[in-house]
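Just below is one structure, and these are the notes that go with it.
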Amino acid sequence: MPIIDILINCPTAESADAISAALIEQRLVACSNRYPPIQSAYTWKGKLEQDEEHPLLLKTRADLAQQAEDAIRALHPYEVPPILRTTVEANADYEAWVYDVTRDP
(Lines give C-alpha, C1' and ligand atoms only; values in the text may rest on other atoms or scores of the structure.)
Protein backbone atom coordinates (compact mmCIF):
# COMPACT_ATOMS: atom_id res chain seq x y z
CA MET A 1 0.00 0.00 0.00
CA PRO A 2 2.08 2.95 -1.20
CA ILE A 3 1.83 6.23 0.63
CA ILE A 4 3.04 9.65 -0.45
CA ASP A 5 4.56 12.56 1.43
CA ILE A 6 3.67 15.91 -0.11
CA LEU A 7 5.92 18.79 0.92
CA ILE A 8 4.86 22.37 0.22
CA ASN A 9 6.14 25.72 1.42
CA CYS A 10 3.60 28.35 2.41
CA PRO A 11 4.05 32.08 2.92
CA THR A 12 2.43 32.07 6.39
CA ALA A 13 1.62 29.65 9.18
CA GLU A 14 -2.04 30.56 8.67
CA SER A 15 -2.01 29.56 5.00
CA ALA A 16 -0.27 26.27 5.85
CA ASP A 17 -2.82 25.55 8.59
CA ALA A 18 -5.73 26.37 6.28
CA ILE A 19 -4.45 24.01 3.58
CA SER A 20 -3.84 21.30 6.17
CA ALA A 21 -7.30 21.61 7.72
CA ALA A 22 -9.08 21.63 4.35
CA LEU A 23 -7.30 18.54 3.05
CA ILE A 24 -7.79 16.62 6.30
CA GLU A 25 -11.48 17.58 6.39
CA GLN A 26 -11.87 16.42 2.77
CA ARG A 27 -10.09 13.18 3.73
CA LEU A 28 -7.52 13.77 0.96
CA VAL A 29 -4.67 13.46 3.47
CA ALA A 30 -4.38 11.56 6.73
CA CYS A 31 -2.37 14.13 8.64
CA SER A 32 0.12 16.96 8.38
CA ASN A 33 3.20 18.41 10.04
CA ARG A 34 3.94 22.13 9.94
CA TYR A 35 7.59 22.86 10.54
CA PRO A 36 9.17 26.03 11.93
CA PRO A 37 9.74 28.82 9.43
CA ILE A 38 12.66 28.61 7.04
CA GLN A 39 14.46 31.23 4.97
CA SER A 40 14.05 30.55 1.25
CA ALA A 41 15.93 32.08 -1.68
CA TYR A 42 14.80 31.71 -5.28
CA THR A 43 14.52 33.47 -8.62
CA TRP A 44 11.06 34.73 -9.46
CA LYS A 45 10.33 36.64 -12.67
CA GLY A 46 14.04 37.36 -13.14
CA LYS A 47 14.62 38.70 -9.64
CA LEU A 48 16.33 37.12 -6.65
CA GLU A 49 13.82 36.80 -3.82
CA GLN A 50 14.33 35.90 -0.17
CA ASP A 51 11.35 35.13 2.02
CA GLU A 52 10.36 33.32 5.15
CA GLU A 53 8.27 30.24 4.36
CA HIS A 54 6.46 27.63 6.43
CA PRO A 55 7.05 24.02 5.31
CA LEU A 56 4.01 21.75 5.42
CA LEU A 57 4.29 17.96 5.10
CA LEU A 58 1.11 16.11 4.15
CA LYS A 59 0.72 12.33 4.19
CA THR A 60 -1.67 10.48 1.91
CA ARG A 61 -2.18 7.39 -0.16
CA ALA A 62 -0.61 7.31 -3.60
CA ASP A 63 -3.95 7.06 -5.40
CA LEU A 64 -5.08 10.36 -3.82
CA ALA A 65 -1.92 12.33 -4.63
CA GLN A 66 -3.31 14.08 -7.72
CA GLN A 67 -6.58 15.02 -6.01
CA ALA A 68 -4.60 16.36 -3.05
CA GLU A 69 -2.39 18.36 -5.41
CA ASP A 70 -5.43 19.82 -7.17
CA ALA A 71 -6.87 20.89 -3.80
CA ILE A 72 -3.52 22.42 -2.77
CA ARG A 73 -3.36 24.42 -6.01
CA ALA A 74 -6.89 25.75 -5.40
CA LEU A 75 -6.02 26.87 -1.84
CA HIS A 76 -2.39 27.94 -2.10
CA PRO A 77 -1.74 31.68 -2.46
CA TYR A 78 1.32 31.29 -4.72
CA GLU A 79 0.97 31.55 -8.50
CA VAL A 80 3.21 28.46 -8.75
CA PRO A 81 2.96 26.50 -5.50
CA PRO A 82 5.93 24.24 -4.76
CA ILE A 83 4.43 20.76 -4.49
CA LEU A 84 6.94 17.95 -4.00
CA ARG A 85 5.80 14.32 -3.85
CA THR A 86 7.86 11.49 -2.41
CA THR A 87 6.80 7.86 -2.24
CA VAL A 88 7.63 6.54 1.20
CA GLU A 89 7.65 3.24 3.00
CA ALA A 90 6.20 2.95 6.48
CA ASN A 91 5.30 0.31 8.99
CA ALA A 92 2.24 -1.72 7.97
CA ASP A 93 -0.07 -0.50 10.73
CA TYR A 94 0.72 3.16 9.93
CA GLU A 95 0.05 2.58 6.22
CA ALA A 96 -3.23 0.89 7.12
CA TRP A 97 -4.20 3.90 9.26
CA VAL A 98 -3.45 6.30 6.37
CA TYR A 99 -5.74 4.25 4.13
CA ASP A 100 -8.41 4.00 6.81
CA VAL A 101 -8.73 7.76 7.45
CA THR A 102 -8.56 8.89 3.80
CA ARG A 103 -11.33 8.49 1.28
CA ASP A 104 -11.44 6.21 -1.70
CA PRO A 105 -10.40 8.01 -4.89
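Hydrogens, waters and symmetry mates are skipped; everything else that's a heavy atom, side chains included, is used.
Distance OG1/T87 to CD1/I4: 3.5 Å, rounded to 0.5 Å. Atoms CD1 and CH2, from I3 and W97 in turn, are 9.5 Å apart once rounded to the nearest 0.5 Å. In this structure, the separation between SG on C31 and CG on L57 is 8.0 Å, given to the nearest 0.5 Å. With rounding to the nearest 0.5 angstrom, the CG atom of D5 is 12.5 Å from the CZ atom of R85. Between I83 atom CD1 and R73 atom CZ the span is 4.5 Å, to the nearest 0.5 Å.
Looking at every heavy atom in both residues, R61 comes nearest to V98 through N-CG1, 3.9 Å. The shortest non-hydrogen separation linking S40 to N9 is OG-ND2, 4.3 Å. Taking both residues in full, the closest heavy atoms of K59 and Y94 are given as CD-OH, 3.1 Å, listed atom of the first, atom of the second, then distance. Of all heavy-atom pairs spanning V29 and A68, the tightest one is CG1-CB, 4.4 Å. Here the closest non-hydrogen pair linking T102 and A30 is CG2-N, 3.5 Å. Of all non-hydrogen atoms in H54 and P37, the two that sit nearest each other are CE1-CG, 3.4 Å.
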T60 and L23: CA distance, side-chain angles, deciding distance, side-chain contact (heavy atoms from CB on, under 4.5 Å) verdict: CA-CA 10 Å; T60 192; L23 271 67; over 6 Å; no

Please determine whether side chain to side chain donor-acceptor pair (under 3.5 Å) holds for the pair E53 and Y78, giving the CA-CA distance in whole Å, both sets of side-chain angles, and the decisive distance to 0.1 Å. CA-CA 11 Å; E53 293 185 301; Y78 288 170; 2.7 Å; yes

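Legend: salt bridge (charged side-chain N to carboxylate O under 4.0 Å, His left out) pairs involving residues 90-99, not counting sequence neighbours: none detected.
Y99 places no side-chain N or O within 3.5 Å of a backbone atom of D104 that could act as its donor or acceptor partner. Within the 3.5 Å criterion, the main-chain N or O of S15 finds no donor-acceptor partner in the side chain of H76. The backbone N or O of L28 sits nowhere less than 3.5 Å from a side-chain atom of R103 that would complete a donor-acceptor pair.
Hydrophobic clustering, with ILVMFWY side chains joined whenever heavy atoms are under 4.5 angstrom apart, groups Y42 together with V80.
Inter-residue side-chain proximity for I6 and E69 is flagged as unmet; no heavy-atom pair is nearer than 4.5 Å. Proximity of I19 to C10: side-chain heavy atoms (C-beta onward) are separated by under 4.5 Å at one or more points. Residues I8 and P81 form no side-chain contact, since every pair of their non-hydrogen atoms from C-beta on lies 4.5 Å or further apart. Side chains of L58 and I72 form a contact here, defined as non-hydrogen atoms less than 4.5 Å apart. Side-chain contact between P11 and D51: absent, with no pair of heavy atoms (C-beta onward) separated by less than 4.5 Å.
Within 6.0 Å of CD on E49 lie more than 12 heavy atoms contributed by other residues, nucleotides or ligands.
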